[in-house]
> 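There's a structure below that I have some questions on.
All values reported here derive from a predicted model rather than from experimental measurement. So you know, we letter chains A, B, ... as the sequences are listed, proteins then strands, and number each from 1.
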There are 2 protein chains.
Amino acid sequence: MKKKTELSIETTEMARVLKALGHPVRLYIIQKLLKMNACCYSGDLVDEIPVGRSTLSQHLKELKYAGLIQGEVEPPYIKYCLNKGNWEEARKMFNELFTENEQL
Amino acid sequence: MKKKTELSIETTEMARVLKALGHPVRLYIIQKLLKMNACCYSGDLVDEIPVGRSTLSQHLKELKYAGLIQGEVEPPYIKYCLNKGNWEEARKMFNELFTENEQL
DNA sequence: TCTTTATTTCGCAAAATAACGAAATGATAT
DNA sequence: ATATCATTTCGTTATTTTGCGAAATAAAGA
């Protein structure tokens, strides 16, 4: 028997997004962007989050790589905003996962 | 300035759940339990997931530790089911995160 | 008692992650 | 040309995660 099917692309991709959100610092950033419905700067975040500048930069990079945020250069700042298109995609995915079984 | 506030318990806890879901194997298991609205056995999973028995066992342990599933001993099997109470909590958390900003 | 069966724990190795401070970058202002 | 500024990249270290196979466990059957 033993099919050992590869896990689907959808599952793998969704897990990637969940993983990106699965760190307090990164989740905090996303929550903040959602709550404010706005963008923010690394310099603002570094005052609110107990982590050094370079570490924060790494987390921003990961969120960007996961497609959840995007950065616009506004010298000497970089303005980080939600990637709304991708976020909407993610929202749909999660909604499916979380609500298709409300009867539980 | 530099407040360096600790991140809130809520954010930290939510990140823990997201992290637990942030692996393809673990997400697959949860998706399966949701879809079937039922329980499953480690032995079933090992035929569907491309990973060894001991590795699978580790992932089940992590899902259990994160409170997402629970296991009932049914010798010689162990029946794994969603922890419905905790799942409902998680569902609410995520719903808040993902839907409070549908206007985006 | 000795197997068998399903599953977990153990011990290990490889890879990934998280964090830091120092140095680099790139743009502007002096 | 040099200094400043916000931010990133680099190099490093410590820790965690992922994965495996071998051995252990625990229950039931021969």
> In whole Å, what is the span from the OH atom of B/Y77 to the C1' atom of C/dT4?
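After rounding, the reported distance stands at 12 Å.
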
> Report the distance from atom CD of B/E74 to atom P of D/dA28, rounded to the nearest whole Å.
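So the CD-P distance, B/E74 to D/dA28, works out to 12 Å.
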
> Under a 4.5 Å cut-off applied to non-hydrogen side-chain atoms, are B/S42 and B/I78 in contact?
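The answer is no, as the side chains (C-beta and beyond) never meet within the 4.5 Å cut-off.
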
> Determine whether A/L45 and A/V25 make a side-chain contact, defined as any pair of heavy atoms from C-beta on separated by less than 4.5 Å.
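With C-beta onward as the side chain, the pair stays apart.
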
> Calculate the interatomic distance between B/K79 atom NZ and C/dT5 atom P; express it in whole Å.
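Those two atoms, NZ and P, are 23 Å apart.
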
> Tell me, for nucleotides 18-30 of chain C in 5' to 3' order, what letter each nucleotide earns: B for a base near a protein heavy atom under 4.0 Å, S for only sugar-phosphate near one, - for neither?
SBBBB----S---

> Does a side-chain N-to-carboxylate-O contact under 4.0 Å join B/E88 and B/R91?
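Salt bridge between B/E88 and B/R91, a charged N being under 4.0 Å from a carboxylate O: yes.
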
> Whole angstroms only, please: what is the CG-P distance between A/L63 and C/dT17?
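Result: 13 Å.
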
> Cluster question for you: counting only ILVMFWY and a side-chain heavy-atom cut-off of under 4.5 Å, with indirect links fine, are B/M93 and B/L68 together?
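Linked, B/M93 and B/L68 end up in one cluster.
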
> Can you find a heavy atom in the side chain of B/Q58 that is under 4.5 Å from one in the side chain of B/K61?
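In short, these two side chains touch, coming nearer than 4.5 Å.
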
> Closest heavy-atom contact between B/A38 and B/L33?
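That would be O-CD2, 3.2 Å.
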
> Go through D/dT8, D/dT7, C/dT7 for me and flag the one nearest to the A/Y41 side chain.
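Taking heavy atoms from C-beta onward, the closest nucleotide is D/dT7.
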
> Between atom CD in B/E72 and atom P in C/dT8, what is the gap in whole Å?
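It works out to 14 Å between those atoms.
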
> D/dT7 C1' sits how many Å from A/I69 CD1, rounded?
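About 13 Å, once rounded to whole Å.
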
> Rounded off to whole Å, could you give me the CG-to-P distance for the B/L60 and C/dT9 pair?
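B/L60 atom CG is separated from C/dT9 atom P by 11 Å.
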
> In whole angstroms, how far is the C1' atom of D/dT18 from the NZ atom of B/K61?
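Going from B/K61 (NZ) to D/dT18 (C1'), I get 13 Å.
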
> For A/S57, which contact category applies under a 4.0 Å heavy-atom criterion: base, sugar-phosphate, or nothing?
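Result for A/S57 = base.
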
